[in-house]
Amino acid sequence: MGFNMHYACCALAVDIVRFRDGIDVQKCRWLERPELEMGGNLSRFGHPFPRLRCCRRWRATIEVKVSPASQRATVQVPPGSVPGVTRVAVNCQGRIFTTVLPKDAAPRHSVEVTLEKNPVQVSCHVFKRPAHLRALVPADAIPGVSTIYTRGDRVLEITVPQNAKPGDTLLVSSSKPQNFHLRSLSFPTVTFAPVGPQQDHRRHETLQLLLEESGGMWNPKIERASTDRLTVPGIVTNHCISKGEVLVRCPPDLLLSPMAVRELAPECAIMVAEAAHQVSFDSDNIDLALQATFLASWITAIEDSRFGKVAIHDLAKQKVWGAFLQVLLCETFAQHPYRLAAQDPTAFKSLLSPSCEADLIEYLSWTIMQWYDALSSTFSIDFSVEQFLRGWLMVITRAFDLEGTRTTLVPGLDSFNHDPNRASARPAPDGMGGMLVAATRDIEAGEEVFFTYSQLSISELYRTYGFTLPLEAMRHQTFTVLPSRVRFLLLKHLPPSHAGLLIEFHSAVLHPTVVAALKACASQGKSYTKFLRELLRFFSEAYDRDPRMKEAIVTKTASTDVLRVKLSEYRCIQRYLKSLDDETNDLNNMLQRVVGEKGQNLQSPGLQDVF
């Protein structure tokens, strides 16, 4: 069957099949909906997968029989199965146990299904080893001299080839690590014209109207304010708001979640499941990659008229999500650090050095490019790497944390700006599966409405959202140490098993990574205080040598995002060094308790008092 026989022409019906032991298992069948068929060669959720052939009937359940002795079986995922949606029903002596097919299990993958005891549950493990491992050539690598690391069954150390350039990818053979080749991914330098205030208002008003027509709510006492009224577009009040008043509500059916995408675009879920095995080092972000793929396809349909409009069988979702994406496209992400790192990794790293954020952001940006490379090398896709990056940034800067993952987009709720010191509203579940924003205090007319995205440091704000706040507005600072920067020092104090792990210092609590490093150091019979001093002084001296930091260190102020990141990290380092050198405080006693007591609370109370 051709790709034009698309799931968009279907509606889901559910049959309840009763097994002999009395347990109900849902099975689904797909019924034709001819009135939703689209003309042309494709009926789109978004087109870009012509090589992928899809079934007219998506499989709802995979039935597996296991013997009481082994209680396990290996099966091949049959065609029509949807990763993260299709149920796996295990029959053991007439008793039925179910679980969901793993998100990275695509058709034709082999899956080991195990019925575990204590507690009784079904687990699935996908057998698919990537043919190649991937390693980034960093911006400061010296060809023929520098070494880089990648992880397969073990950590592999590879010398950077003579012809490598910053941002290149080394594809290393899984079976023969000595065999590798270079792949270069060029990222275009794109200049986007910002959306004007009038167009910004029209797009938001359209979304607000459609949201209300579809069962949502937009309080008429608030309105969108663009750059004609605010430095950063946001939401302001036009009347007084009382504490507890609901400002916006989005019903559950309109949440743009990974599960919604898997159900409405199953072939998209299959594509990303295939790609996940090529990007196994980032497989935890499979939901994020799925959302980015879905959004990138929709962006293509908007920006290139050759592909027509996106059509999904839920017309309310189609209208609201389409208007929502137009709102998201008001943001160009022109100065987001991921974009800057992708366009010119050498210049970006020079700008942020000596902060490890330069390496971390470069790696995160490169990871997005690897997802795109895995998708484009396996399937014929129409969206560009630029559109995929925008889709990815839309998710990480706009998504809400629902059910343990921050990958769900909520139309209408994401236009509020972040300020922990001026927050006057808070997002929360509405009790019916949807989301709302409610006022946490009385708000005056004409006041901008803020809420807090999360308790983030300046470094975390910049890395995720691409902006910072003045240092005095922040309640804490963080400083991240990447092992590649100081591997020689880590190997001096820590066992090899810990010398490759990231360490994050937090000015208010002892972060679990710090505690783990200190315990590993103590297990070697070495001084953890000496280890901390050497590690922190290494970076402190690097900041002291940075000519761009001299004025900021003296004045204790910074006006640019990059300087704020570096100064906040410098202050975090100095707080730890001061505490270590001051015998009158109880930090050393606290560290001794953390290192000496098994199961010590990692977020040690009172640390902020020491500082």
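This one's a predicted model, so the numbers in the text were calculated from it and none came from an experiment.
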| query | Got a second to check how far Cys268's SG is from Met271's CE, nearest 0.5 Å? | reply | 6.5 Å
| said: Between Asp382 (side chain only) and Ser297 (backbone N and O only), is there a donor and an acceptor less than 3.5 Å apart? | reply: no
| query | How long is the gap from CZ on Arg262 to CD1 on Ile270, to the nearest 0.5 Å? | reply | 11.5 Å
| field | Minimal non-hydrogen separation, Trp321 against Leu254, with atom names | value | NE1-O, 2.9 Å
| request: Give a yes or no on whether the backbone of Thr464 and the side-chain of His336 come within a donor-acceptor separation of less than 3.5 Å. | output: yes
| task | Kindly write out the residues that satisfy side chain to side chain donor-acceptor pair (under 3.5 Å) with Thr407, not counting sequence neighbours, or none if the list is empty. | result | Thr405
| message | When you measure from the side chain of Thr237 to the backbone of Glu447, do you find a donor-acceptor pair of N or O atoms at a distance under 3.5 Å? | response | yes
| Among Val395, Thr408, Val261, Leu325, the one residue meeting side chain to side chain contact (heavy atoms under 4.5 Å, CB included) with Leu256 | Val261
| note | Residue set satisfying salt bridge (Lys or Arg N to Asp or Glu O under 4.0 Å) with Arg339, at least two apart, ordered chain then number -> Glu386
| Can you list the residues that meet the side chain to side chain donor-acceptor pair (under 3.5 Å) rule with Glu213, with sequence neighbours excluded? | none
| message | Would you compute the distance between atom CG of Asp373 and atom OG1 of Thr378 and round it to the nearest 0.5 angstrom? | response | 8.5 Å
| What ring-ring contact (aromatic ring centres under 6.0 Å, His included) pairs are there with at least one residue in residues 261-283, not counting sequence neighbours? | His109-His277, Phe281-Trp366
| Does Arg406 use its side chain to pair, donor to acceptor, with the backbone of Ile396 at less than 3.5 Å? | yes
| request: Identify, with sequence neighbours excluded, every residue that meets salt bridge (Lys or Arg N to Asp or Glu O under 4.0 Å) alongside Glu223. | output: Arg229
| Between His418 and Tyr453, is there a donor-acceptor pair closer than 3.5 Å when you use the side chain of the first and the backbone of the second? | yes
| message | Using side chain to side chain contact (heavy atoms under 4.5 Å, CB included), reason through Tyr372 and Leu389 one step at a time and then give a plain yes or no. | response | CA-CA 9 Å; Tyr372 180 81; Leu389 174 65; over 6 Å; no
| note | In short, side chain to side chain donor-acceptor pair (under 3.5 Å) pairs touching residues 243-260 with sequence neighbours left out are Asn219-Glu245, Lys221-Glu245, Arg249-Asp430
| query | Of all residues at least two apart in sequence or in a different chain, which pass the side chain to side chain donor-acceptor pair (under 3.5 Å) check with Gln370? | reply | Arg134, Thr169
| query | Looking at residues at least two apart in the chain, or sitting in another chain, which of them share a salt bridge (Lys or Arg N to Asp or Glu O under 4.0 Å) with Glu116? | reply | none
| Gln199 and Arg202: side-chain donor and acceptor closer than 3.5 Å? | yes
| task | Identify, with sequence neighbours excluded, every residue that meets side-chain contact (heavy atoms from CB on, under 4.5 Å) alongside Asp228. | result | Pro197, His201, Ser226
| said: The criterion is side-chain contact (heavy atoms from CB on, under 4.5 Å); which residues satisfy it with Ala289, sequence neighbours excluded? | reply: Val272, Trp371, Trp392
| message | Minimum heavy-atom separation for Ala425 and Val437, please, with both atom names. | response | CB-CG1, 3.7 Å
| request: Please collect all side chain to side chain donor-acceptor pair (under 3.5 Å) contacts where either partner lies in residues 323-332, sequence neighbours excluded, each pair once. | output: none
| task | Can you sort out the partners of Asp282 under salt bridge (Lys or Arg N to Asp or Glu O under 4.0 Å), two or more places apart, ordered by chain and number? | result | none
| Shortest non-hydrogen contact between Ile235 and Ser415, atoms and distance | CG1-O, 3.6 Å
| note | Checking Asp442, Leu247, Val449 against Ile241 for side chain to side chain contact (heavy atoms under 4.5 Å, CB included), the one that qualifies is Leu247
| message | Can you tell me how the ring of Phe467 sits relative to the ring of Tyr465, calling it parallel under 30°, perpendicular over 60° and tilted otherwise? | response | tilted
